[in-house]
Amino acid sequence: MIGPLRRWSIALASALLAGAVPACAAAPPATLPPPSHAAAVPEPGEQARRLTLPFDAYDFSPAENMTLEVAEDLLVGDCLRARGMRWQALDTPADSQSEPPHRRRYGIIEHAIADAFGYHTPPDHPAVAARKQNDLARTTQVPPDVRAAAERCLGQARDHLSAGTPKADAGFFNKTIFASFDASQHDEKVKRAFRSWSACMESEGFRYPDPLTAITDPRWETSHPTPQEIRTAQADLRCKGKTDLVSIWTAAETRIQNDAIRGHPKKFQQLRAVKIRQLEIARRVIARN
């Protein structure tokens, strides 16, 4: 789709990129580029699929973002055809082919990922990757007048998907997402779990104070995972399992996010209303087409 997707949690969508962490708050771990070797992409593990947080009710998941993107693409196609222009609709990946929203929030949590990719980010699901490639090819191959018209049609499509929605404070939500993640690292139970995890890692020959330091080690900025990176990631997961770190960390952030929701009920009600309304409209567009 031409143009960026609308997503409340820009913090989680964008700050995963290396170097995008603001000085005022710690973000989820940096994302290394997909490795250049053609390893099969494992399906998300059960823990990654089950990992949820209170803010999920107000944010757009990757699958929900895809729903918005598909609806936008269909509306752009309708708009262009009404102007006598051709526009090839893209294939739609299934919801199950989208990433779970928190697959790497607390570092890697899947053995299949550690074994195949170390700390590198796995490539997209083939269906999602194909859609992105086809989108890029379509955008670059259409004539300039069609591309310009598509940009105008996209604005109309997004206005359509936003019709009747209340105003919501996306900046507040992004800031609160960062704050909850940062605060969770200062929770006493999490800090104790970090110390236990660090001691476990040291017993295996790796010295890191916490999992975020391990996953952002500059040594992993390579085109493909090194044997040392994979061994470190495997030890990381073993120590997470021995210390129950992910469950402790998730519980802390769950408490923090619930406190934020209780403290700002109107803002979160508006965010929820916007999400519900946009998805309702998008699903009607998709059903109609």
Side-chain angles (χ1 to χ4, degrees), residues 1-10 12-18 20 31-44 59-101 103-104 117 120-163 165 170 223 274-275 277-289:
M1 192 68 226
I2 298 174
L5 289 177
R6 289 167 300 171
R7 178 181 172 88
W8 296 133
S9 59
I10 296 171
L12 298 188
S14 301
L16 293 176
L17 299 174
T31 296
L32 297 171
S36 59
H37 68 292
V41 182
E43 291 296 322
D59 193 14
F60 294 98
S61 70
E64 289 165 339
N65 257 324
M66 181 61 70
T67 297
L68 292 178
E69 184 180 352
V70 169
E72 287 174 350
D73 192 53
L74 292 171
L75 289 169
V76 168
D78 291 343
C79 176
L80 289 173
R81 282 188 290 274
R83 300 180 184 208
M85 298 175 175
R86 298 184 61 185
W87 187 255
Q88 180 63 45
L90 301 171
D91 291 336
T92 304
D95 286 354
S96 61
Q97 295 168 331
S98 297
E99 287 279 305
R103 192 173 193 179
R104 292 172 67 84
F117 300 100
H120 278 67
T121 306
D124 288 323
H125 187 283
V128 175
R131 180 184 173 87
K132 290 180 179 179
Q133 292 170 357
N134 292 337
D135 183 17
L136 178 62
R138 180 184 63 179
T139 302
T140 56
Q141 291 170 7
V142 297
D145 61 327
V146 176
R147 191 177 307 128
E151 290 283 1
R152 292 191 293 272
C153 289
L154 176 60
Q156 296 177 24
R158 290 180 171 172
D159 288 343
H160 179 82
L161 292 175
S162 299
T165 60
S223 61
V274 169
K275 173 179 175 175
R277 176 66 176 162
Q278 285 193 343
L279 289 173
E280 285 177 348
I281 297 172
R283 286 164 181 149
R284 285 203 297 269
V285 169
I286 294 169
R288 187 176 70 239
N289 282 271

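Just so it is clear, the model here is predicted, and its values are computed rather than measured. Any value given below was found using the heavy atoms of this structure, including those in side chains, with hydrogens, waters and symmetry copies removed.
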**Request:** Determine whether the side chains of Thr165 and Gln278 contain a donor N or O and an acceptor N or O closer than 3.5 Å.
**Result:**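 No donor-acceptor contact under 3.5 Å links the two side chains.
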
So, taking the atom named [atom1] in [X] and the one named [atom2] in [Y], what distance separates them when rounded to the nearest 0.5 Å?
| X | Y | atom1 | atom2 | result |
| --- | --- | --- | --- | --- |
| Leu279 | Asn65 | CG | CG | 9.0 Å |
| Asn134 | Leu90 | CG | CG | 6.5 Å |
| Leu75 | Glu72 | CG | CD | 8.0 Å |
| Arg103 | Thr121 | CZ | OG1 | 10.0 Å |

Could you tell me if the side chain of [Y] sits less than 4.5 Å from the side chain of [X], heavy atoms only?
| X | Y | value |
| --- | --- | --- |
| Trp87 | Cys79 | no |
| Asp145 | Met85 | yes |
| Asp124 | Arg131 | no |

**Request:** Sequence neighbours left out, what passes side chain to side chain contact (heavy atoms under 4.5 Å, CB included) with Ala63? Give chain and number order.
**Result:**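 Applying side chain to side chain contact (heavy atoms under 4.5 Å, CB included) to Ala63 gives Ser61, Asp95, Ser98.
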
**Asked** With Ala127, which residues qualify under side chain to side chain contact (heavy atoms under 4.5 Å, CB included), at least two apart?
**Response**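 Result, side chain to side chain contact (heavy atoms under 4.5 Å, CB included) vs Ala127: Pro93, Gln97, His125.
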
**Message:** Looking at Lys275 and Asp59, is any side-chain nitrogen of the basic one under 4.0 Å from a carboxylate oxygen of the acidic one?
**Reply:**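 Salt bridge between Asp59 and Lys275, a charged N being under 4.0 Å from a carboxylate O: no.
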
**Asked** Less than 4.0 Å between a side-chain N and a carboxylate O, is that true for Glu99 and Arg104?
**Response**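 Between Glu99 and Arg104 there is no salt bridge, as every charged N stays at least 4.0 Å from the carboxylate O atoms.
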
Kindly say whether [Y] contributes a backbone atom to a donor-acceptor pair with the side chain of [X] at under 3.5 angstrom?
| X | Y | answer |
| --- | --- | --- |
| Arg138 | Gln88 | yes |
| Arg147 | Val142 | yes |
| Thr140 | Ala137 | yes |
| Asp73 | Glu69 | no |

Testing the basics here: between [X] and [Y], what is the closest heavy-atom pair and its distance to 0.1 Å?
| X | Y | answer |
| --- | --- | --- |
| Leu68 | Ala282 | CD2-CB, 4.0 Å |
| Ser223 | His120 | C-NE2, 4.3 Å |
| Ala150 | Leu80 | N-CD2, 3.8 Å |
| Ala71 | Leu161 | CB-CD2, 4.2 Å |

**Prompt:** Excluding sequence neighbours, so at least two apart, what forms salt bridge (Lys or Arg N to Asp or Glu O under 4.0 Å) with Arg81?
**Reply:**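 Arg81: salt bridge (Lys or Arg N to Asp or Glu O under 4.0 Å) contacts with Asp78.
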
**Request:** Might you confirm whether atom CD of Gln156 has over 12 heavy atoms from other residues, nucleotides or ligands at distances under 6.0 Å?
**Result:**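 It does: Gln156 CD has more than 12 such atoms within range.
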
